[in-house]
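Please read the structure below before turning to the comments.
Numbering of ligands and ligand atoms starts at 1, following listing order. Source: prediction; values computed, not measured.
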Amino acid sequence: MMGLLVMSYGTPDDPDEIAAYYTHVRLGRAPSPEALADLRRRYMAIGGVSPLSERTRAQAQGIGRALDRLQPGRWKTFVGSKHAWPFIEDGVSAMAAAGIRHGVGLVLAPHYSALSIGTYVDRVRDAAAQADVTLSVIESWHLLPTLVELLAERLTVALHSLPLDLQGNAEVLVTAHSLPARVADMGDPYPAQLAETAGAITRAAGVKRWRVAWQSAGRTPEPWLGPDVREVVRYLAAQGTKAVVVCPAGFTSDHLEVLYDIDIEALAVAEAAGLVLVRTDSLNDDPRLMDALAELVVSSGPPRS
Ligand code: FEC
């Protein structure tokens, strides 16, 4: 029996957990009361809790079902989050407790950075070593053909949702979570991988006007990768662009960074600048993506003996 550990960022499932979650995200440093209040306000604006946990579970189940069709009875699926229970380490322990010795780890975010996927990989490796489990982690899947196809389809749908007279004057903004700008000096593949995804999906959708933008940068003094999506929206409006389609390609599911940072915050900036903003639907547990990820998992695991 093989194990699959499906990993995502994690979210507080109850408003009472926001402080502990935020402290975990900040590597054990408690946030200031102002920063905590601001994060609470953002969760309240999307209904109190993020749908991330529910989406991750649905994605794990979808990939699990697809694995069962590809290799009946060979795989058991577990979930683990970076910043909330069940943590990555809990997922690995559950795998070991089920008597599983070999498996694959998959993060539900397509682009690799040492500061993002790299930290999931480190934690999986440490936990696996302690639990005597061998896990190979898929580091990126930003050009997976089905990912490109599905994002291109969603891009086309979003473009066509604009009023006819705006469709010819719209620009596509392909976004991912910003990271400290020092990743660029570290030779980190993250910015190039996002550009590659953006190029592939816009090519597949036949979109000519597009650019990459960053979103959700941390509230710290150090510089973060830019330009920020809100800055780009203001710039484009000043240049006479009438509509933008935001495609948050760096994420797979609905959660705070999409539902607040794009649907509320970036939308308000667009409205103030007199520009229409629409967003591509999230991939969530789209069965075509779940099937493709299951195939990727099978090809990343050890061959069947
Ligand atoms: O829906 C939810 O409740 C959780 C949504 C969520 C996702 C997510 C994904 C990524 N993050 C990445 C990097 C950073 C870095 C910092 C950072 C901070 C936060 C905070 C919240 C948050 N992140 Fe996140 N991230 C999500 C949520 N993230 C909340 C804290 C408040 C704030 O700044 O807004 C800065 C840490 C620090 O302050 O030291 C860096 C990256 C991803 C995409 C890859 C992945 O999904 O793992 C990269 C979803």
Review point. Does even one non-hydrogen atom of Y112 get within less than 4.0 Å of ligand 1?
Key: no
Review point. Just which atoms of ligand 1 are under 4.0 Å from any heavy atom in Y120?
Key: 45 (C), 46 (O), 47 (O)
Exercise for review: For atom CZ of R26, decide whether the heavy atoms of other residues, nucleotides or ligands shown that lie under 6.0 angstrom number more than 12.
Suggested key: yes
Check your understanding: For ligand 1, which atoms, with element, lie under 4.0 Å from some heavy atom of L179?
Key -> 40 (C), 48 (C)
**Study point:** ring-ring contact (aromatic ring centres under 6.0 Å, His included) between W214 and Y190, intermediate numbers included
**Key:** CA-CA 11 Å; W214 300 95; Y190 192 66; 5.6 Å; yes
**Study point:** Protein heavy atom at shortest distance from atom 13 (C) of ligand 1
**Key:** H177 CE1, 3.4 Å
**Study point:** Any S253 heavy atom less than 4.0 Å to ligand 1
**Key:** no
Point to revise | Protein contact of atom 20 (C) of ligand 1 - nearest heavy atom, named by residue and atom, plus distance | key: V25 CG1, 3.9 Å
**Study point:** Check: E171 and R211 side chains under 4.5 Å, non-hydrogen atoms
**Key:** yes
**Study point:** Residue S216, metal atom 24 (Fe) of ligand 1, N/O/S under 2.8 Å
**Key:** no
Point to revise | Close-contact set for ligand 1 against R29 heavy atoms, below 4.0 Å | key: 39 (O)
Check your understanding: Which protein non-hydrogen atom lies closest to atom 4 (C) of ligand 1, naming both residue and atom, and how far is it?
Key -> Y21 OH, 3.5 Å
Review point. What residue and atom, counting heavy atoms only, is the protein's closest point to atom 35 (C) of ligand 1, and at what distance?
Key: W224 CH2, 3.7 Å
Check your understanding: Which protein non-hydrogen atom lies closest to atom 6 (C) of ligand 1, naming both residue and atom, and how far is it?
Key -> E257 CG, 3.4 Å
Check your understanding: Do V172 and L162 belong to the same hydrophobic cluster, where Ile, Leu, Val, Met, Phe, Trp and Tyr are linked whenever their side-chain heavy atoms lie under 4.5 Å apart, directly or via other members?
Key -> yes
Point to revise | Stepwise side-chain hydrogen bond (donor to acceptor under 3.5 Å, both in side chains) test for R209 and T241 | key: CA-CA 11 Å; R209 286 187 60 187; T241 299; 2.9 Å; yes
**Study point:** Residue and atom name of the nearest protein heavy atom (relative to atom 44 (C) of ligand 1), distance in Å to one decimal
**Key:** A109 CB, 3.9 Å
Point to revise | More than 12 heavy atoms from other groups under 6.0 Å of NE2 on H24 | key: yes
**Study point:** Heavy-atom check, side chain of V297 versus side chain of W75, under 4.5 Å
**Key:** yes
Point to revise | Test item: S8 and K82 side chains (from C-beta on) under 4.5 Å apart, heavy atoms | key: no
Check your understanding: Can you list the ligand 1 atoms lying under 4.0 Å from a non-hydrogen atom of S116?
Key -> 48 (C)
Point to revise | Single-linkage hydrophobic cluster L70~M290, side-chain heavy atoms < 4.5 angstrom | key: yes
Review point. Can you find an N/O atom of R42 closer than 3.5 Å to an N/O atom of ligand 1?
Key: yes
Review point. Is the side chain of R154 donor-acceptor paired with the backbone N or O of D281 at a distance under 3.5 Å, no angle test?
Key: yes
Study note, to complete from the structure: Atoms of ligand 1 under 4.0 Å from any heavy atom of S50, numbered from 1 in the order shown, are 1 (O), 2 (C), 3 (O)
Review point. Which of the atoms in ligand 1, numbered in the order shown and given with their element, are less than 4.0 Å from a heavy-atom of G10?
Key: 4 (C)
Revision key, fill the gap. shortest atom 29 (C) of ligand 1-to-protein heavy-atom contact is with L39 CD1, 3.5 Å
Check your understanding: With side chains defined as the heavy atoms from C-beta onward, is the minimum distance between V6 and T77 less than 4.5 Å?
Key -> yes
Check your understanding: To which of Q215, R26, M7, R219 does the heavy atom nearest atom 37 (C) of ligand 1 belong?
Key -> R26
Check your understanding: Considering only heavy atoms, which of F251, Y43, Y22 lies nearest to atom 30 (C) of ligand 1?
Key -> Y22
Point to revise | Closest protein heavy atom (residue, atom, distance) for atom 17 (C) of ligand 1 | key: Y9 OH, 3.3 Å
Review point. Which class fits the ring pair H177 and Y9: parallel under 30°, tilted 30 to 60°, perpendicular over 60°?
Key: parallel
Check your understanding: Hey, is CD on Q130 packed in by over 12 heavy atoms from elsewhere, all under 6.0 Å?
Key -> no
Check your understanding: Looking at T11, which atoms of ligand 1 are within less than 4.0 Å of one of its heavy atoms?
Key -> 1 (O), 2 (C), 3 (O)
